[in-house]
There are 2 protein chains.
Amino acid sequence: MASERPRKRKPARVQEDEGGEGSRSVRRAMDILSLMLARGGPVTVAQIIAELGIPKSTAYELVRTLGEADYIAPSSRGAGLFIGRRLYELGMAYRNNVDLLRDGAHVVEELRDETGETVQLSVLDNQLMMVVLKEEGRGHLRIISNVGTRVPVNWAAAGRLLVSDLPDEDLTRLLKATIRQSPTGKAIMNVAKLIAQIRKARRIGYATELNEANAHAGCIAAPIVDASGHCIAAISVVVPEQRLTKPHRDRLLASVTAAAERLSRRLG
Amino acid sequence: MASERPRKRKPARVQEDEGGEGSRSVRRAMDILSLMLARGGPVTVAQIIAELGIPKSTAYELVRTLGEADYIAPSSRGAGLFIGRRLYELGMAYRNNVDLLRDGAHVVEELRDETGETVQLSVLDNQLMMVVLKEEGRGHLRIISNVGTRVPVNWAAAGRLLVSDLPDEDLTRLLKATIRQSPTGKAIMNVAKLIAQIRKARRIGYATELNEANAHAGCIAAPIVDASGHCIAAISVVVPEQRLTKPHRDRLLASVTAAAERLSRRLG
DNA sequence: GACCACGGTCTAGAATATCGGAAATGATCA
DNA sequence: TGATCATTTCCGATATTCTAGACCGTGGTC
């Protein structure tokens, strides 16, 4: 029978979507979780079907499978589904096992206690700056970024440090592809100017910024470097504008660079 | 309508495995993540194949799919794969969206700052007590449990509060099924005695414990209740034995119950 | 250099998840 | 109460994913 086997690649499904081999259902399951992450709140099955183009029956099947494992769960308030507790557990396991986060948590806390200001630890993720740890200062300053969110590197002092190890060419490409104007309209958009700032930041070992990412707030950041001297992360304090007087600023800078050095040393 | 209705049940599937319908690959992908969680460290593909009984090609396929989405990633130190950054992001989204964790984080921190001791917030998860938030005290006391780990309810003061709303019958069943002796050998194993303690804790509004879960440490816990008065979580301080003098103990108890009340109120 | 053990990829046939549609359930409202 | 719409489950046919096992490269050992 098999004599007639049309050997041709058979993408009968014109569903060309994007490049993807591998398990379809697994990717779709992950897409569902990503959708919830993007929305930042509960999502209904109907939305999943509409947004992701997953057939009804399949969507319900996936939702059930994910639900049984507590990867998703009915939202506590209101209708809809959201990320479930199991993913929190997995996330915490990641945190406990990654040197940067495990050791970083202590240093971030110390720096917060020492300065009383909001402290963040950020890394470069997929060409963007991503906040991976945050401790609120006493001032309850409103910060745009939460743990897990990503912003273009030109929005923040820490972002500049994170890309400071790239050669000119790669750096230019990254900047051209990713920089955006920030909500405050104060972010630098000129690539040449940005590169100059980035190189300078690396040379002097810290970076500062005022009103670029957050209105009425400034930021002081210092690089975390690995054994080979590469910048793998940046630690930063976010400070209300009016508190950024010269003496306080100097004190903060000293604290931040000291904390960065402490963490760099701990990471070996 | 449809005159020809083949209504017959057709469970021809010899689906032997264990209870499970739904997408196989999705469940297997989740099993891989669970394995990593259980191991608490890097896992090799060979281990995945051996432990989960997944065929080689399938295992590699799944690993690739998960890897492309950064759900898993090569472990930083040494060989093997571990939970990836994407899961950290998802976990943080859960944290930011769940009232208990979002509001709880503040209260836990406050209580830590106020007392200087290690503070934990726990919930009941699948009949076990699970720590969902933790802030280290200044004393660097070694605690057995980390965020995400589960222990039997008879190991800790908080555990007793968490099950204190169950009717006698369910409570007995739960205890019989889950209690274990703790590493220190001091956990109460007698069900009747445990129930008496649990009922008392609920009546007086707090629970205490000494050396049961951690050697040379005691614990004071208070319940977080929802609008209907049900205990949905418990907040607790863990204190080195020698610091548990009467006056300090009283002060701690007052702080803990106050924090619990604050959080309960915030949750509505 | 020959051999083996191992981590990983590839392929064609077998088994299963997927899909459209229909039926059931449940919520809303006149 | 019944009609209407939205949500969820069920069903069989079949295309897709999974599986077993061959295959490949690499590194270690004698």
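Qualifying side chain to side chain contact (heavy atoms under 4.5 Å, CB included) partners for A:A260, counting only residues two or more places apart in sequence or in other chains: A:A222, A:I224, A:I235. Shown here are the side-chain hydrogen bond (donor to acceptor under 3.5 Å, both in side chains) partners of B:T178, two or more places apart in sequence or in another chain: there are none. Annotation: side-chain hydrogen bond (donor to acceptor under 3.5 Å, both in side chains) contacts of B:R173 (sequence neighbours excluded): B:D170. Qualifying side-chain hydrogen bond (donor to acceptor under 3.5 Å, both in side chains) partners for B:R199, counting only residues two or more places apart in sequence or in other chains: B:D168. Scored by the ring-ring contact (aromatic ring centres under 6.0 Å, His included) test, B:Y71 finds no partners at all (sequence neighbours excluded).
Rounded to 10 degrees, the angle separating the terminal helix axes of the helix from C:dG1-D:dC30 to C:dA30-D:dT1, each built from five base pairs, is 40°.
With DNA chain D read from its 5' end, the first of the two nearest nucleotides for A:V26 and A:V45 is the one closest to A:V45.
B:S25 comes within contact range of the sugar-phosphate backbone alone, with a heavy-atom separation under 4.0 Å but no base atom that close.
Listed by first then second residue, pairs satisfying salt bridge (charged side-chain N to carboxylate O under 4.0 Å, His left out) with a partner in residues 37-49 of chain A read A:R39-A:E51, not counting sequence neighbours.
If you measure from atom CZ of B:R64 to atom C1' of C:dC10, you get 11 Å, rounded to the nearest angstrom. Note: CD1 (B:I54) to P (D:dT19) measures 8 Å, nearest angstrom. In this structure, B:L81 atom CG and C:dG7 atom P are separated by 12 Å, rounded to whole Å. Between the CD atom of B:Q47 and the P atom of C:dG8 there is a distance of 12 Å, rounded to whole Å. In this structure, B:I49 atom CD1 and C:dG8 atom P are separated by 9 Å, rounded to whole Å. Protein atom CZ of A:R28 is 8 Å distant from nucleotide atom C1' of C:dT18, rounded to whole Å. For B:R24 and D:dT16, the CZ to C1' distance is 13 Å, given to the nearest whole Å. One interatomic measurement links the two molecules: CG of B:D31 to P of D:dC18, which rounds to 14 Å at whole-angstrom precision.
Considering only side-chain atoms of B:E61, the nucleotide from D:dC18, C:dT18, D:dT19 that sits closest is D:dC18.
To the nearest 0.5 Å, the span separating OG1 on A:T65 from CD1 on A:I32 amounts to 9.0 Å. In this structure, CZ on B:R262 lies 12.0 Å from CG on B:D103, to the nearest 0.5 angstrom.
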Give the table of side-chain donor-acceptor pairs shorter than 3.5 Å for residues 79-87 of chain B, with sequence neighbours excluded, one pair per line with atom names and distance.
unit_1, atom_1, unit_2, atom_2, d
B:R85, NH1, A:D125, OD1, 2.6
B:R86, NH1, A:S34, OG, 3.0

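OP1 or OP2 of C:dG8 has at least one side-chain nitrogen or oxygen of B:Y60 nearer than 4.0 Å.
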All N/O pairs under 3.5 Å across the protein-nucleotides 21-26 of chain D interface:
unit_1, atom_1, unit_2, atom_2, d
D:dG21, O6, B:S57, OG, 3.1

